[in-house]
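A short write-up of the structure that comes next.
What you see is a predicted model; the values in this text were computed from it and never measured. The residues of the chain are indexed from 1 along the displayed sequence. Start at 1 and go down the list; that is how both ligands and their atoms are numbered.
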Amino acid sequence: MVITGASTGIGAETARQAAEAGYRLVLAARSEDKLTELAGELGGPEKAVAVTCDVSEWDQNEKLAAAAVDAFGRMDVIFANAGFGATRGFLEESPEQWRSMVLTNILGVAYTIRATLPHLLERGTGHYVVTSSVAGRRVLPGSMYSASKWAVTAIGEALRQELRQMQDQNGIRVTLIEPGMVDTPFFDNRPGPDNALHDEDIARAVLFALSQPERVDINEILIRPTSQPT
Ligand code: NJP
């Protein structure tokens, strides 16, 4: 299982639960130190390898896919999860910050899919799990982040439809994960565990989708904290 954005938060916790479930993991993000520490925690090179990868760079996605096949011989699950946010407001943040967010959140997801898809098509089986957001299902005022996650939702559904148009490709599943507020390093000012979902709540949803019989394709999972109204 390849996970982008695996160094912290949802990606790291999903790696832990997936390791428990018996998956061997390829952990990708930009922070080499955190990835290496997590790979060690999960059992070392036999169980988990760390690959430094900025998903907004095409060649780094290609290297990630090659490293995964090199380490474990095949890829079964691709969790395209890397992403970050921005302060709401069309006059907030800097143009450069928007550029970086759009390149990571949108193009990064598309690049990760593009770099891994030939392998999954060749094998005729596999599962894409893609992290969008509640903000990818409804519009938030002044939110370029929300706009980027609408694009991610569209990428997931576009991929699913393309796969279903291929007569000989009925084995590859696509799941969009759409979290509400989760207490992770995503936030500079974290909401705290009492006011938001925990990373383990999202990880459980990912494992739920993965553990279904092959005939079942869970297309979307929208998860809000019980207290979140919209
Ligand atoms: O946040 P965080 P989450 N290339 O900051 C990595 C979405 N989401 O777990 O590269 C490669 O702990 C970064 O690692 P590093 C959110 O939009 C969240 O909450 O080392 N990796 C880290 O591992 C995102 O898509 C909430 O800095 C890059 C990871 O991404 C996903 O959930 C709500 C990268 C971010 O982990 C995971 O976020 C929601 C790059 N260019 C959706 N840039 C929420 N927390 O409330 C960043 O609806 N990363």
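A side-chain donor-acceptor contact under 3.5 Å links S56 and D54. Remark: the Q165 side chain and the Q161 side chain contain no N/O donor-acceptor pair separated by less than 3.5 Å. Donor-acceptor pairing under 3.5 Å is lacking for the side chains of E178 and S132. Between T112 and T4, the side chains place no donor N or O within less than 3.5 Å of an acceptor N or O (distance only, hydrogens not considered).
In the hydrophobic clustering of this structure, V55 does not group with I106; members are Ile, Leu, Val, Met, Phe, Trp, Tyr whose side-chain heavy atoms approach within less than 4.5 Å, directly or through other members. Residues L120 and V26 are members of one and the same hydrophobic cluster, defined by side-chain heavy-atom contacts under 4.5 angstrom among Ile, Leu, Val, Met, Phe, Trp and Tyr. L176 is connected to I113 through a chain of hydrophobic side-chain contacts under 4.5 Å among Ile, Leu, Val, Met, Phe, Trp and Tyr, so both are in one cluster. Clustering ILVMFWY residues whenever any of their side-chain heavy atoms sit less than 4.5 angstrom apart, transitively, puts V130 in the very cluster that holds F186. In terms of hydrophobic clustering, with Ile, Leu, Val, Met, Phe, Trp and Tyr side chains grouped at heavy-atom distances under 4.5 Å, Y128 and V77 are assigned to different clusters.
Looking only at heavy atoms of the protein, atom 19 (O) of ligand 1 is closest to T184 OG1, 2.6 Å. Ranking the protein heavy atoms by distance from atom 46 (O) of ligand 1 puts V182 N, 2.7 Å first. If you check which protein heavy atom lies closest to atom 2 (P) of ligand 1, you get T8 OG1, 3.4 Å. Taking atom 28 (C) of ligand 1 as the reference point, the nearest protein heavy-atom neighbour is A82 CB, 3.6 Å. Considering only non-hydrogen protein atoms, atom 20 (O) of ligand 1 sits nearest to S31 OG, 2.5 Å. Among all non-hydrogen protein atoms, the one lying nearest atom 4 (N) of ligand 1 is V55 N, 3.0 Å. In terms of protein heavy atoms, atom 5 (O) of ligand 1 is closest to F186 N, 3.3 Å.
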Fill in: Derivation and outcome, ring-ring contact (aromatic ring centres under 6.0 Å, His included), residues Y145 and W98
CA-CA 8 Å; Y145 172 74; W98 278 5; over 10 Å; no
Fill in: Verdict with reasoning, R137 to E220, per salt bridge (Lys or Arg N to Asp or Glu O under 4.0 Å)
CA-CA 11 Å; R137 289 277 300 267; E220 291 185 68; 3.0 Å; yes
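Judged by the shortest distance from any of its heavy atoms, G136 lies outside the 4.0 Å radius around the atoms of ligand 1. Judged by the shortest distance from any of its heavy atoms, T4 lies outside the 4.0 Å radius around the atoms of ligand 1. Taking 4.0 Å as the cut-off, C53 counts as a neighbour of ligand 1 on heavy-atom distance. Under a 4.0 angstrom heavy-atom cut-off, Q60 registers as lying outside contact with ligand 1.
Looking at E32, R30, E13, M181 and measuring to atom 10 (O) of ligand 1, the nearest heavy atom belongs to R30. Which of G180, A203, A196 comes nearest to atom 33 (C) of ligand 1 through a heavy atom is settled by distance: it is G180. Looking at G83, G5, G108, it is G83 that brings a heavy atom closest to atom 35 (C) of ligand 1. Distances from atom 32 (O) of ligand 1 to the heavy atoms of N61, D54, V152, T131 show the closest one on T131. Taking only non-hydrogen atoms, the option from F187, Y145, F84 nearest to atom 8 (N) of ligand 1 is Y145.
We find that R164 and D217 are joined by a salt bridge, their nearest charged nitrogen and carboxylate oxygen being less than 4.0 Å apart. Taking the charged nitrogens against the carboxylate oxygens, E41 and R16 do have a contact shorter than 4.0 Å, which makes a salt bridge.
Proximity of I10 to ligand 1, defined as any heavy-atom pair under 4.0 Å, is shared by backbone and side chain alike. The proximity of K34 to ligand 1, defined as any non-hydrogen pair under 4.0 Å, does not occur for either the backbone or the side chain. Counting heavy atoms closer than 4.0 Å to ligand 1, residue S132 contributes backbone atoms (N, CA, C, O) but none from C-beta onward. If you look at N81 next to ligand 1, the close heavy atoms, those under 4.0 Å, come from the backbone and the side chain alike. If you look at A135 next to ligand 1, there are no close heavy atoms at all, none under 4.0 Å. At a 4.0 Å heavy-atom cut-off, ligand 1 touches T104 through the side chain alone.
Set against the non-hydrogen atoms of S7, the atoms of ligand 1 under 4.0 Å away are 13 (C), 14 (O), 15 (P), 20 (O), 22 (C), 23 (O).
If you take CG on L27 and NZ on K34, they are separated by 13.5 Å, rounding to the nearest 0.5 Å.
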